[in-house]
Amino acid sequence: MILVVVEHGNGRIGKSARELVTAARSCGVEGPVAALVLGSDVAAIATEAATLVGQVLVADRPELATYDAELWAAAVAQIAREGEVALVLIAASRSGREYSPRVAVKLEAPLIEGAACLTFEGGVVRGERYSFLSRVTETVESNAAVVVATVLPGAFAPAEALGAPGEQFDVDLELPERRLIVTGAQPANAGRLPLGEAEIVVAGGRGTGSAEGFERIVVGLADKLGAAVGATRAVVDAGWRPYAEQVGQTGVTVQPRLYLAIGISGAVQHLSGMNKSQTIVAINKDADAPIFTVADYGIVGDCDAIVEALKSAIG
Amino acid sequence: MRILAIVAQVPGAEERLKVAEGGVDLGASKLVLDTMDEYGVEEALRLREAGAGGDTAVEVIVLGVGPSRVEAALRNALALGADRAVLVDSGAIDLARDVVATSKVIAEVAKRERADLVLCGAQQADSDSQALGAAVAERLGWAQATWVTALTCEGRTLAGRHDVDDGQQDFRLPLPAVVTAQQGLNEPRYPTLPNIMKARKKELRMEVLAGFDVAPQVRLVKQELQHRERLHRLIPGSDAKAAADELLRALREDAKVLA
Ligand SMILES: Cc1cc2nc3c(=O)[nH]c(=O)nc-3n(C[C@H](O)[C@H](O)[C@H](O)COP(=O)(O)OP(=O)(O)OC[C@H]3O[C@@H](n4cnc5c(N)ncnc54)[C@H](O)[C@@H]3O)c2cc1C
Ligand SMILES: Nc1ncnc2c1ncn2[C@@H]1O[C@H](COP(=O)(O)O)[C@@H](O)[C@H]1O
């Protein structure tokens, strides 16, 4: 049995859940796929998940209304143990990457982190992942009886619905008390397209000059293209943009169809968050900026003038 | 109070990596104390200096698990001001890709040293793993906070801010706990000459992996440098309008990534 943990928000299952189902189906020669839905008031989520897999396990509890690493780890490990699961698949989101290690330790199972490819054949789980700040692709494998893996967003195509909906089962869980108490929140910029799911990302760096420059150049172009907005750490540290827009090692990793880097130098830490994008455009006044080494199309020049021209040309 | 800061040794961010015989060859690379761990060590020193939790005798111990060369990173942390160091020499066993196994060693040392707080980098710049802190916390049965950008300690309670899926959160957390550090938490200090000299005399205890009953369950099969062919097509930028038109044409007609 392969267990997929369903991420959800705003009453819908996340794109990552559909991607995990595809990953699970491609590994599925070793057994059926089940999905686990954790949360409070999640009947609609469970029904949506049931369009994708044969079995949906539902833990609908008030304590699970908001995510907590210890609660999530306890729940997933318990289900994996009782269901004799051979492979647990968790999205490599920030939360997935922080509770999955606890699941693995509870199960004494190895953890394969951030899989971009995954196979499960003859009892061996093999994953392809990135290392050395995304400069290396490596293959790892394990023949342990139980394996936990986190799967990179965007690595698998979102799964489509099956013909007949799967069965739903309510599950009983023993949950620990929360120890991390949330005392305040600075939510990501609601209203804008989530970075990780966008097909087009327009990202800006210090080369945009100021918060106003960024707004006019980067956000202005993003609006014209229906794109998400990304930023470098330098821009976030300067307070020009919210942290949620940061792309890179300490921010979000994106893999859109099109990434436009505007006034970004291309530091290793930034590249590691975007160098898997399908097509990369760089606009920078410095012809030697490292961003050009990963660019498909480069324009050396002043980003303000060039983006203004782009905006007019798009109309 | 005792703080255990975990230290890894990784190639510098600007190092060119080399692959030989299907694996990354670090033989010729300049290796440094992982930047993310530096934030952890710095935070431990600041907690000591602030008399964290009302304790004026906070001890900062740095721990490395890996090949014997990791000693250099530990010496570096001692030069920054850590009180003493422990190196668990992994010898011929490659633990690098099995965080679950590594966490067993770290948790065991934390227990033996009677640590109250474990600090480590949010991500290791060699394995790109983000799992170490949480795995150690689970081994110890402790609470955790990951990707922390602000931290204080009052009595036996930590308070701080960290990154989550949807923005940032302020949190409270009881000790004992594991906290993973990242950029933004602090500005790490530089080692001073007197501290570098003092560091040579500080205790660095060597232990061997055999005493910890661990066997890695993940095997590294092969590694290759990522190389994605890029077009590297340069569009002259002197005429902004012409450049914009040509870029749009190329994105629509050649790359077919724009409607
Ligand atoms: C542990 C660690 C983690 C990090 N994580 C991240 C991360 O997640 N994400 C991240 O982005 N960074 C990260 N960094 C920081 C990273 O090293 C760089 O400092 C940062 O990416 C630089 O941002 P920038 O390109 O906006 O600024 P700069 O490096 O200052 O580059 C600005 C660029 O704009 C160009 N420019 C200036 N004026 C114009 C103009 N008028 N028109 C066109 N171009 C112009 C310049 O030529 C230059 O190339 C991290 C660093 C560390 C140590
Ligand atoms: N579009 C471009 N604009 C400016 N310089 C470029 C461009 N494309 C490639 N280069 C230069 O060529 C190098 C790319 O080499 P490589 O990484 O081997 O593909 C970079 O270091 C840049 O200096």
Side-chain angles (χ1 to χ4, degrees), chain A residues 69 73 93-95 97-102 104-106 110-114 130-142 144 179-188 233 243-244 249-250 257-258 268-269 278-281 294-301 305-306 309-310 313-314, chain B residues 13-14 17 24 97-100 103 123 125-131 134-135 138-139 143-147 163-174 182-183 217-226 230-235 237-238 240-241 243-245 247-248 250-251 255 257-258:
Chain A
S93 56
R94 202 179 286 284
S95 53
R97 294 191 82 142
E98 82 154 7
Y99 78 79
S100 54
R102 296 193 85 119
V105 169
K106 280 178 195 290
L111 174 66
I112 294 178
E113 284 184 79
Y130 307 133
S131 58
F132 292 92
L133 299 182
S134 276
R135 285 173 291 172
V136 168
T137 303
E138 61 185 35
T139 307
V140 294
E141 65 177 29
S142 178
R179 286 190 280 194
L180 184 139
I181 306 299
V182 178
T183 55
Q186 298 78 40
R233 177 115 219 171
Y243 170 75
Q249 186 200 359
T250 47
R257 189 174 68 212
L258 174 60
V268 173
Q269 295 92 347
Q278 188 186 326
T279 295
I280 296 175
V281 173
V294 298
D296 294 292
Y297 299 99
I299 303 181
V300 179
I306 289 160
L310 270 174
I314 295 164
Chain B
E14 308 304 329
L17 295 172
V24 172
R97 288 303 174 275
D98 194 336
V99 180
V100 173
S103 71
Q123 182 187 34
D126 49 1
S127 59
D128 283 8
S129 170
Q130 304 179 11
E138 180 61 36
R139 291 263 179 213
Q144 75 184 48
T146 59
W147 294 97
D163 296 339
V164 293
D165 279 331
D166 184 33
Q168 288 165 299
Q169 265 179 2
D170 300 316
F171 66 83
R172 237 178 329 107
L173 196 70
Q182 66 152 321
Q183 205 193 25
Q217 297 192 83
V218 181
R219 200 170 73 82
L220 182 58
V221 180
K222 68 166 194 279
Q223 293 176 310
E224 51 197 37
L225 285 183
Q226 256 172 45
R230 294 288 175 186
L231 292 175
H232 296 306
R233 247 210 74 204
L234 191 59
I235 300 168
S238 44
K241 179 166 183 329
D245 289 342
L247 177 65
L248 286 176
L251 292 177
V257 290
L258 263 192

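Being a predicted model, the structure only gives us computed values, none of them experimental. Residue numbers start from 1 in every chain, and the chains themselves are labelled A, B, ... in the order their sequence lines are given, proteins ahead of strands.
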**Student:** Only pairs of heavy atoms separated by less than 4.5 Å count here; which of A:Ser95, A:Gly301, A:Ala185 has the most with chain B?
**Tutor:**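 Highest number of heavy-atom pairs under 4.5 Å: A:Ser95.
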
**Student:** Specify which of A:Val140, A:Thr279, A:Thr139, A:Ile314 makes the most heavy-atom pairs with chain B at under 4.5 Å.
**Tutor:**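 Most pairs with chain B among the choices: A:Thr139.
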
**Student:** For A:Glu141, is it the side chain, the backbone, both or neither that has a heavy atom under 4.5 Å from a heavy atom of chain B?
**Tutor:**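 Contact with chain B involves both backbone and side-chain atoms of A:Glu141.
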
**Student:** Is it the backbone or the side chain of B:Leu247 that comes under 4.5 Å from a heavy atom of chain A, or both, or neither?
**Tutor:**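 B:Leu247 touches chain A through side-chain heavy atoms alone.
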
**Student:** Given a strict heavy-atom distance threshold of 4.5 Å, which part of B:Leu17 is in contact with chain A: side chain, backbone, both, or neither?
**Tutor:**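 The answer is the side chain of B:Leu17.
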
**Student:** Can you tell me how far apart OG (B:Ser103) and CZ (A:Arg102) are? Round to the nearest 0.5 Å.
**Tutor:**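 These two atoms lie 10.5 Å from each other.
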
**Student:** Between A:Val182, A:Val268, A:Ile306, A:Val281, who has the most heavy-atom pairs with chain B when the cutoff is under 4.5 Å?
**Tutor:**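 Option with the greatest count: A:Val182.
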
**Student:** Let me know if A:Ser100 has heavy atoms under 4.5 Å from chain B in its side chain, its backbone, both or neither.
**Tutor:**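 Neither part, no heavy atoms under 4.5 Å.
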
**Student:** Enter the distance from B:Ser129:OG to A:Ile112:CD1 here, rounded to the nearest 0.5 Å.
**Tutor:**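 Output value for this atom pair is 12.0 Å.
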
**Student:** Is it the case that B:Gln217 and A:Ser142 place a side-chain donor and acceptor less than 3.5 Å from each other?
**Tutor:**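 The answer is no; no qualifying pair exists.
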
**Student:** Tell me, out of A:Ser93, A:Gly114, A:Ala104, A:Ala144, who's got the most heavy-atom pairs with chain B below 4.5 Å.
**Tutor:**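 If we count pairs closer than 4.5 Å to chain B, A:Ser93 comes out on top.
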
**Student:** Going by atom types only, do A:Asp296 and A:Gln278 share a side-chain donor-acceptor pair under 3.5 Å?
**Tutor:**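 Checked: A:Asp296/A:Gln278 side chains show no N/O donor-acceptor pair below 3.5 Å.
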
**Student:** For chain B, find which of A:Pro101, A:Pro110, A:Gly184 contributes the most heavy-atom pairs closer than 4.5 angstrom.
**Tutor:**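 If we count pairs closer than 4.5 Å to chain B, A:Gly184 comes out on top.
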
**Student:** Any chance the side chains of A:Gln249 and A:Gln269 put a donor and an acceptor closer than 3.5 Å?
**Tutor:**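 No, A:Gln269 and A:Gln249 have no side-chain donor paired with an acceptor closer than 3.5 Å.
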
**Student:** Heavy-atom distances under 4.5 Å only: say whether A:Ala69 touches chain B with side chain, backbone, both or neither.
**Tutor:**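 Side chain only.
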
**Student:** When you check the side-chain N and O atoms of A:Thr250 and B:Gln182, is any donor under 3.5 Å from an acceptor?
**Tutor:**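 On atom types as modelled, these side chains do not qualify, holding no pair under 3.5 Å.
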
**Student:** What's the spacing between B:Phe171 CZ and B:Gln144 CD if we round to 0.5 Å?
**Tutor:**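 Here the interatomic distance stands at 10.5 Å.
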
**Student:** Tell me whether the count of non-hydrogen atoms from other residues, nucleotides or ligands lying under 6.0 Å of CZ in A:Arg94 goes above 12.
**Tutor:**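 For A:Arg94, atom CZ is crowded (more than 12 foreign heavy atoms under 6.0 Å).
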
**Student:** Would you say B:Arg139's side chain and B:Val100's backbone share a donor-acceptor pair under 3.5 angstrom?
**Tutor:**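 Yes; judged by distance alone, with no hydrogens or angles, the pair exists.
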
**Student:** Quick check on B:Thr146 against chain A: is it the side chain, the backbone, both or neither that has a heavy atom closer than 4.5 Å?
**Tutor:**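 When you check distances to chain A, atoms from both the backbone and side chain of B:Thr146 fall under 4.5 Å.
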
**Student:** Which bit of B:Val99 is near chain A, if near means a heavy-atom gap under 4.5 Å: side chain, backbone, both or neither?
**Tutor:**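 Contact with chain A: side chain only.
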
**Student:** What part of B:Val257 gets within 4.5 angstrom of chain A, counting heavy atoms only: side chain, backbone, both, or neither?
**Tutor:**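 It is both, since atoms from each part get that close.
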
**Student:** Looking at B:Gln183, B:Glu14, B:Gln123, which makes the most heavy-atom pairs under 4.5 Å with chain A?
**Tutor:**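 So the answer, after comparing B:Gln183, B:Glu14, B:Gln123, is B:Gln183.
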
**Student:** For the interface with chain A, which of B:Asp165, B:Leu258, B:Leu173 has the highest count of heavy-atom pairs at distances below 4.5 Å?
**Tutor:**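 Heavy-atom pair counts peak at B:Asp165.
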
**Student:** If you count heavy-atom pairs under 4.5 Å with chain B, which of A:Ala309, A:Ala313, A:Ala305, A:Ser131 comes out on top?
**Tutor:**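 Of the options given, most contacts go to A:Ser131.
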
**Student:** Which atom pair, heavy atoms only, marks the closest approach of A:Arg179 to B:Pro174?
**Tutor:**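 Minimum heavy-atom contact is O-CD, 3.3 Å.
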
